[in-house]
Amino acid sequence: MKIHFWVAFLFFLFSLNPLMAQNGFKIIPLGVKGGLDESNLSSYLVAAKGSDQYICIDAGTIYKGLELAVQKNIFSETNPIIIQQKQIKSYLISHAHLDHTAGLIMNSPSDLPKNLYGLPSVLEVFKNKYFTWSAWANFGNEGEAPILKKYTYKKLIEGVEIPLEHTNLHVTPFVLSHVKPYESTAFLIRNQDSYLLYLGDTGADVVEQSNQLDQLWKSIAPLILSNQLKGIFIEVSFDNSVPEKALFGHLTPKLLMREMKQLNNYARGLLNTVPLYVTHLKPCNNCEVNIKYQLQAANEQQLKINYPEQASVIELY
Ligand SMILES: [Zn+2]
Ligand SMILES: [Zn+2]
């Protein structure tokens, strides 16, 4: 009798398993480039593995990315507008540059009410520049009247983790330097005890005369040592031929590798266990080919370098 009970109980637990949230992440890039092609600009859907309640990290492109994902049968729903309305639960914006916000602004009329998370400096731009009646319409919950209250501004505080409503995810923001004194953000996303790091646009510490990246590397290195960091998304916008004074707060292959060396030191050589996704390549005459070649040539640390593709599924766990 007793044994039967335990067998039944275990069976019950196993049957629950698919419903239980799992460690790790599902990521669907809606846009991956750093300029020019307005149908493919930085925007990443992230959900806890086993869930389809997404957050949207940066929002340069939304509609086109969803349309392409539908064509590839990534969603069971086939209308991009419905997917945006129902499956994107909130937005996290690293900084307010248009290549990270245009998709959110352009698609705001058909979206449903949700939270918009960002540093105060980022939310100010939405409030004072984009969601105004001269530039568009005030879809925010603050600022110029009449206030449509579609998006609720949620201020992030550096280093403080908060839960992201209607998902299993949490976020801790870190400030980045994107041409001093302008700020960008790195988001450390947590699902249970697994983590994902996404960096918005950033310059290298040596160029920005900053220690923001160094601080970030120190903070996340323990997660590499404990095998909890499942991936890093970081930008390389230009190839090595662009002089430092013309980088405008971006990385080159050389500067990325210098930063990764620093992180790898803190992680005692284990950085090559973490997949690295290089984002925000700026299309120009042969730039993308050059960036990939130069990263490969400089990869003495045997890092696992990948390039996210628009409308694909990346599973990290
Ligand atoms: Zn950008
Ligand atoms: Zn930018």
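- No path of Ile, Leu, Val, Met, Phe, Trp and Tyr side chains, each step under 4.5 Å between heavy atoms, connects Leu112 with Tyr151, placing them in separate hydrophobic clusters.
- Phe126 is connected to Ile55 through a chain of hydrophobic side-chain contacts under 4.5 Å among Ile, Leu, Val, Met, Phe, Trp and Tyr, so both are in one cluster.
- Using bins of under 30°, 30° to 60° and over 60° for the plane-to-plane angle, the ring pair His100/His280 lands in the parallel bin.
- Among residue pairs with one or both ends in residues 218-317, those qualifying as disulfide (SG to SG under 2.5 Å) are Cys284-Cys287; sequence neighbours excluded.
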Open item on the list: Please evaluate residues Leu255 and Leu247 with respect to the criterion side chain to side chain contact (heavy atoms under 4.5 Å, CB included), reporting the C-alpha separation (whole Å), side-chain torsions for both, the decisive distance (0.1 Å), and the verdict.
Closed with: CA-CA 11 Å; Leu255 291 167; Leu247 291 177; 3.4 Å; yes
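- Both Leu270 and Leu216 belong to a common hydrophobic cluster when Ile, Leu, Val, Met, Phe, Trp and Tyr are linked at side-chain heavy-atom distances under 4.5 angstrom.
- Asp214 contributes no side-chain N or O that, together with a main-chain N or O of Lys218, makes up a donor-acceptor pair within less than 3.5 Å.
- Ile314 and Leu229 fall into different hydrophobic clusters, where Ile, Leu, Val, Met, Phe, Trp and Tyr are joined by side-chain heavy atoms under 4.5 Å apart, directly or via other members.
- Put simply, the side chain of Glu235 gets close to the backbone of Thr202: a donor and an acceptor are under 3.5 Å apart.
- A salt bridge links Glu161 to Arg190: at least one charged side-chain nitrogen sits closer than 4.0 Å to a carboxylate oxygen.
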Open item on the list: Before you tell me yes or no, could you show the steps for Glu38 and Lys64 under salt bridge (charged side-chain N to carboxylate O under 4.0 Å, His left out), namely the whole-Å CA-CA distance, both residues' side-chain angles and the distance that decides it to 0.1 Å?
Closed with: CA-CA 9 Å; Glu38 75 271 23; Lys64 188 67 192 178; over 6 Å; no
Open item on the list: Assess the residue pair Thr101 and His97 against the criterion (side chain to side chain contact (heavy atoms under 4.5 Å, CB included)); give the C-alpha distance rounded to whole Å, side-chain angles, the decisive distance to 0.1 Å, and a yes or no.
Closed with: CA-CA 6 Å; Thr101 57; His97 283 165; over 6 Å; no
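- No side-chain heavy atom of Glu300 sits less than 4.5 Å from a side-chain heavy atom of Met257.
- No donor-acceptor distance shorter than 3.5 angstrom exists from the side chain of Tyr195 to the backbone of Ile220, with no hydrogens or angles considered.
- In this structure Thr273 satisfies the side chain to side chain donor-acceptor pair (under 3.5 Å) test with no other residue, sequence neighbours excluded.
- Around atom CD of Gln296, no more than 12 heavy atoms belonging to other residues, nucleotides or ligands sit under 6.0 Å away.
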TODO: Under the side chain to side chain contact (heavy atoms under 4.5 Å, CB included) rule, what do Phe75 and Gln87 come out as? Steps first, then yes or no, please.
DONE: CA-CA 10 Å; Phe75 295 97; Gln87 286 182 251; 3.9 Å; yes
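- Checking side-chain atoms of Glu144 against main-chain N and O of Trp133 turns up a donor-acceptor pair under 3.5 Å.
- No donor-acceptor distance shorter than 3.5 angstrom exists from the side chain of Ser51 to the backbone of Ala47, with no hydrogens or angles considered.
- Geometric assessment of Lys127 against the ring of Tyr153 yields a negative cation-pi assignment under the 6.0 Å and 45° thresholds.
- Side-chain atoms of Gln294 never come within 3.5 Å of backbone atoms of Lys254 as a donor-acceptor pair (strictly under, hydrogens ignored).
- Residues forming a side chain to side chain donor-acceptor pair (under 3.5 Å) with Lys230 (at least two apart in sequence, or on another chain): none.
- Using a distance-only test at 3.5 Å, with no hydrogens or angles considered, a donor-acceptor pair links the side chain of Glu208 to the main chain of Lys180.
- Remark: of the listed residues Tyr198, Phe25, Tyr277, Tyr198 is the sole one forming a ring pair (Phe, Tyr, Trp, His ring centres under 6.0 Å) with Tyr44.
- A side-chain N or O of Ser94 and one of Asp58 form a donor-acceptor pair less than 3.5 Å apart.
- His250 and Ser237 share a donor-acceptor pair across their side chains, judged by distance under 3.5 Å alone.
- By the rule that hydrophobic residues join a cluster once side-chain heavy atoms approach within less than 4.5 Å of another member, Trp217 and Leu271 end up as members of one cluster.
- Side-chain N or O atoms of Asn40 include one that pairs as donor or acceptor with a backbone N or O of Val32 at under 3.5 Å.
- Of the N and O atoms on the side chains of Gln212 and Ser210, not one donor lies less than 3.5 Å from an acceptor on the other residue.
- To the nearest 0.5 angstrom, Cys56 atom SG is 4.5 Å from Ile88 atom CD1.
- A donor atom on one side chain and an acceptor atom on the other are found under 3.5 Å apart for Ser194 and Asn23.
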